[in-house]
Amino acid sequence: MSHLNILRTYALSDPAKIPSAVLFSNKSTSLTIYDAFPKSIFHFLVLPRMAKEDTTSDLTSLKTVLMGDKAYAKKIISALAGDAKILGDEIEGEMLKRYGFKWDIWTGFHAVPSMKHLHLHVLSTDLCSGRMKLKKHYNSFHPKLGFFLDIDAVLTWFDAEPSYFEGVSKLEAKAYEAILKEDLVCWSCNTTMKNMPTLKAHLQGEWNRQAKLGRKADKGS
DNA sequence: GTTCTAGAAC
DNA sequence: GTTCTAGAAC
């Protein structure tokens, strides 16, 4: 099975047939799976389910969905946002259970996805993971660089001027891919980091500090 | 996505 | 000399 099409396969599958190591939960319209290469302590993908005969819209990517019927696109993305919110609550529960405190979660799309079938990233903001290895991995989740598109921001596009919606929906690969090569900057403190090992040590330190403060606050309450 | 590796950076 | 990046091959 090509990794490029694996999400589409899941979207078409009977959830009962998806391995439990892959599937976290399923709802009538979406599936939540564990990201196979998690870039944070918690990292999930939420994908819209699809019937085999479904030709209502092209669910290949955010771009193809936005290019289709606008009302349908909004409905699809809003549904994902709702399911991601529920997932976020579940993640927070796990954070408290496993680590004794909770920290923030990001929910959004990659402007240029690496796999087919629309998928929403839901990940904790630590970015501490052995799978976080390359500059492009990091920059693709940096919340301020523009490659990672927060879902609430995407939803505001629907209420903007139609010309703005058209422009921003183009999601031109060339422009966005350049972002992945930008300098490594800590998303939290804006410090520029020399290289990936330095950045990773910095992120780990930031999270350790947050954990210490969080646990203390939790104990005190 | 991963592995391999040349050459740049340190 | 060692560490790190980035492009090619898979």
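Computation of the quantities below employed the complete heavy-atom set of this structure, encompassing side-chain atoms and omitting hydrogens, waters and symmetry-equivalent molecules. Proteins get letters first, then strands, A, B, ... in listed order; numbering begins at 1 in each.
Closest non-hydrogen pair, A:Ser124 versus A:Met95, comes out as CB-CE, 3.6 Å.
Between A:Ile77 atom CD1 and A:Leu120 atom CG the span is 9.5 Å, to the nearest 0.5 Å.
At the phosphate of B:dT2, OP1 or OP2 sits under 4.0 Å from a side-chain N or O atom of A:Arg131.
Between the CG atom of A:Leu134 and the C1' atom of B:dT2 there is a distance of 10 Å, rounded to whole Å. Rounded to whole Å, atom P of C:dT3 lies 21 Å from atom CE of A:Met193. Between the CG atom of A:Asn5 and the C1' atom of B:dG1 there is a distance of 14 Å, given to the nearest Å. Atom NZ in A:Lys194 sits about 15 Å away from atom C1' in B:dA8, given to the nearest Å. Spacing between atom CG of A:Asn195 and atom P of C:dC4 amounts to 6 Å, rounded to whole angstrom units. Atom pair A:His137:NE2 and C:dT5:C1' shows a separation of 13 Å (rounding to whole Å applied). Atom CD of A:Glu182 and atom P of C:dT5 are 17 Å apart (whole Å). As rounded to whole Å, 8 Å separates atom C1' of B:dT2 from atom NZ of A:Lys133.
Nucleic acid contact for A:Met196: sugar-phosphate only, since backbone atoms but no base atoms lie under 4.0 Å from a heavy atom of the residue.
Inspection of the A:Thr192 and A:Asp183 side chains reveals no N or O donor paired with an N or O acceptor under 3.5 Å.
If you check C:dA6, C:dC4, B:dG1 against the side chain of A:Pro197, the one that comes closest is C:dC4.
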Next item on the list: With side chain to side chain donor-acceptor pair (under 3.5 Å) as the test, would you mind laying out the steps for A:Asn195 and A:Thr198 before giving the verdict?
Entry: CA-CA 5 Å; A:Asn195 51 41; A:Thr198 308; 2.6 Å; yes
